[in-house]
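Note that the numbering runs from 1 along the sequence shown for the chain. In listed order, ligands and their atoms are each counted from 1.
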Amino acid sequence: MSDLVVRWRDLMCGEVGLEQVGSRLALAGWVDRRRDHGGLVFVDLRDASGLCQLVLNPERAPEASADAHQIRNEFVLRAEGEVVQRAPENVNPQLPTGEVELQVDELAIVSPSIPLPFQLDEDGVDETLRLRYRWLDLRRPRMQHNLRLRADLISTIRREMEAAGFLDIQTPILFKPTPEGARDFIVPSRLQRGRFFALPQSPQILKQLLVIGGFDRYYQIAICFRDEDLRADRVQEITQLDVELAFPDQEYLCTLMERMCAAVWRECIGAEIETPFPRMTHADAQARYGSDKPDLRLGLEIEDATEATRGSEFGVFATAEAVRFIRVPQAFSRAELERLEAFAKEWGARGLAYLVFAEDGEVRSPIAKFLSESELELFRSEPGSTVLFGADEPAVVARVLGALRLHLGHQLGLVDEEAWRFVWITDFPMFEWDDDDERWQAVHHPFTRPAPGSEKLVATDPGAATAHAYDLVVNGIEIGGGSFRIHEQELQAQVFKALQLSDDEQRRKFGFLLDALAMGAPPHGGIAFGIERMLMALAREPNLRDMIAFPKNQAGVDPMSGAPSEVEEALLEELGIELRAQPE
Ligand code: ASP
């Protein structure tokens with residue numbers, strides 16, 4: 001091999017097949033596995049396309065075979081030789097290249113590897129260790145699959161959005177706080193000492209300004225930064241398909257997004273999904289599924305008995321603001337019911353009333369004796385089932401029964417794991433009361449338009465105002481959400497006021513938006529989709545970080561580079577920043 005011009009490979013490992021039998025080929029890649037049979041050495045050589053088996057025979061290629069004894073997993077090799085057909089008993093039907101192997105006569109160890117911190121085929125490797133050596137972790141088939149899926153998803157989205165006439169426009173990363181309900185990441189400015197940029201939680205205001213600026217169909221694959229406490233489905237840097245359009249029409253927007261989802265599901269995983277997606281109001285979702293992101297792959301729908309139990313002799317039912325129940329197709333034992341009660345309490349219930357309809361027709365329940373014939377009739381269920389109740393404030397009942405519904409659905413195998421159940425959730429409330437801060441908060445964000453008819457309520461009865469907002473949910477995962485926006489300066493100021501932003505604060509924080517709204521702002525609206533959330537749904541992956549090449553861990557740290565890290569004192573000085581205490 002010449003050092004200057006190396007013919008590294010003629011084909012990818014995964015492409016070698018019967019057509020190549022008899023020809024001479026070079027392959028290059030990583031050692032996936034080496035089996036040393038004393039004489040013969042077998043190596044599974046892997047590259048991005050797959051695996052091909054190399055055989056080193058000391059009688060045919062003494063030098064290469066001697067070298068082969070030194071190689072270990074994840075060494076990088078170049079191997080040249082003749083493609084031969086395997087004997088029928090050696091064919092590996094699991095492997096696309098399983099009918100052939102490369103009879104190596106020239107072998108080069110291109111790049112060795114020190115002993116690995118974990119084996120690529122090892123299960124259950126600690127996540128921090130995987131992230132610390134992410135370059136190794138990325139070589140595993142699962143991560144290869146996830147990131148290829150991610151690339152397919154993004155290219156499908158781009159194709160669809162561009163076909164619909166949307167223009168990709170980039171917005172800045174250094175900007176001003178955009179309120180999406182999370183904490184901001186801030187970046188100090190050296191040139192304007194004492195001032196800070198915020199990393200965008202989303203391009204929300206900027207996309208509105210683009211539409212006001214005459215770009216009437218905008219999209220972007222945007223990175224958004226949210227300094228949140230982390231969970232399995234939350235990360236600090238998310239990627240979002242961000243969309244905005246002028247003169248929006250809800251049917252057009254929903255159809256466009258449904259078409260985009262159908263294309264993604266078809267191109268990425270070959271699934272045909274049914275459109276149009278059903279729609280459900282937020283109130284309905286809460287009442288029937290106890291969630292604003294209902295998983296419709298399972299039944300166990302929540303039923304209401306508030307009216308029917310108004311005069312109940314069971315005091316808890318008679319006085320609770322809401323009485324609702326689910327019918328579960330299993331007659332639970334006392335021990336199981338105790339566990340379910342503990343579960344319900346974790347979600348805020350004070351107790352868990354139940355009626356067990358045993359197989360023998362008997363009703364087992366401490367509350368049955370308080371219930372009238374007509375109440376019992378309403379709750380009566382198949383023998384071999386249990387009715388579980390929630391009786392409390394509506395929000396508590398929804399939360400508890402919603403959680404029980406999902407828990408039992410999975411535990412009892414009632415979830416149709418093959419299904420794709422999309423649903424639009426509409427008619428969200430505009431505001432929710434924040435007990436800690438004692439003020440209204442925007443449910444979506446402060447630029448969301450009140451639904452037609454709710455405009456006046458913003459000032460008079462904010463709690464009753466409905467937003468022109470919508471979320472898209474699939475299998476219980478919220479993958480997208482958006483709204484129509486306020487395009488009138490006065491209405492926007494009213495919403496800010498309802499959120500207790502003083503005139504001064506309004507000007508300071510959003511003066512530029514208010515100015516823009518006063519200069520010919522067209523009606524507009526849009527939506528954003530979480531790319532990682534879509535991927536989690538598509539790949540049925542429970543961990544969002546596994547859909548990202550280089551994520552931070554749950555403590556918000558990158559175990560690979562060690563970021564975030566300390567900075568030089570001199571840099572802080574230039575920025576005019578003095579740390580109160582040295583970090584521990
Ligand atoms: N900016 C919103 C978000 O990031 C989406 C939207 O209203 O378009 O959730």
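Residue Met260 is tested with Thr156, Val243, Leu241 for a side chain to side chain contact (heavy atoms under 4.5 Å, CB included); the sole match is Leu241.
When the options Glu478, Arg485, Gln208, Gln240 are ranked by their closest heavy atom to atom 7 (O) of ligand 1, first place goes to Arg485.
Residues Asn543 and Glu127 have side chains that bring a donor and an acceptor to within less than 3.5 angstrom of each other. A donor-acceptor contact closer than 3.5 angstrom is absent between the side chains of Ser502 and Asp504.
Expressed to the nearest 0.5 Å, how far CZ of Phe175 lies from CD of Gln204 amounts to 11.0 Å.
With respect to atom 9 (O) of ligand 1, the closest heavy atom belonging to the protein is Glu180 OE1, 3.7 Å. Among all non-hydrogen protein atoms, the one lying nearest atom 4 (O) of ligand 1 is Arg226 NH2, 3.0 Å.
Proximity to Gly481 (heavy-atom distance under 4.0 Å) selects the following atoms of ligand 1: 5 (C), 6 (C), 8 (O). Listed by number with element, the atoms of ligand 1 under 4.0 angstrom from any heavy atom of His444 are 6 (C), 7 (O). The atoms of ligand 1 that sit less than 4.0 Å from any heavy atom of Ser202 are 1 (N), 4 (O).
Aromatic ring pairs are classed by plane angle as parallel below 30°, tilted from 30° to 60° and perpendicular above 60°; the pair Tyr470 and Trp424 is perpendicular. Ring geometry, Phe447 versus His445: the interplanar angle falls from 30° to 60°, so the pair is classed tilted.
Contacts between Ala528 and ligand 1 below 4.0 angstrom, taking non-hydrogen atoms only, involve backbone and side chain alike. Under 4.0 Å from ligand 1, the heavy atoms of Ile527 that appear belong solely to its backbone. Contacts of Lys207 with ligand 1, taken as heavy-atom pairs under 4.0 Å, involve the side chain alone.
Every N/O-N/O distance between Gln201 and ligand 1 stays at or above 3.5 Å.
Residue contacts with ligand 1 include His445, since one of its heavy atoms falls under 4.0 Å from the ligand.
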Result block: side-chain N/O donor-acceptor pairs under 3.5 angstrom for residues 166-174, not counting sequence neighbours:
{"residue": "Asp168", "atom": "OD2", "partner": "Arg158", "partner atom": "NH1", "Å": "2.9"}
{"residue": "Thr171", "atom": "OG1", "partner": "Gln220", "partner atom": "NE2", "Å": "3.0"}

Please output the side-chain donor-acceptor pairs of residues 283-291 that fall under 3.5 Å, not counting sequence neighbours, one pair per line with the distance.
{"residue": "Asp284", "atom": "OD2", "partner": "Arg288", "partner atom": "NH1", "Å": "3.0"}
{"residue": "Arg288", "atom": "NE", "partner": "Glu301", "partner atom": "OE2", "Å": "3.0"}
{"residue": "Tyr289", "atom": "OH", "partner": "Glu301", "partner atom": "OE1", "Å": "3.1"}
{"residue": "Ser291", "atom": "OG", "partner": "Lys293", "partner atom": "N", "Å": "2.8"}
{"residue": "Ser291", "atom": "OG", "partner": "Lys293", "partner atom": "O", "Å": "3.3"}

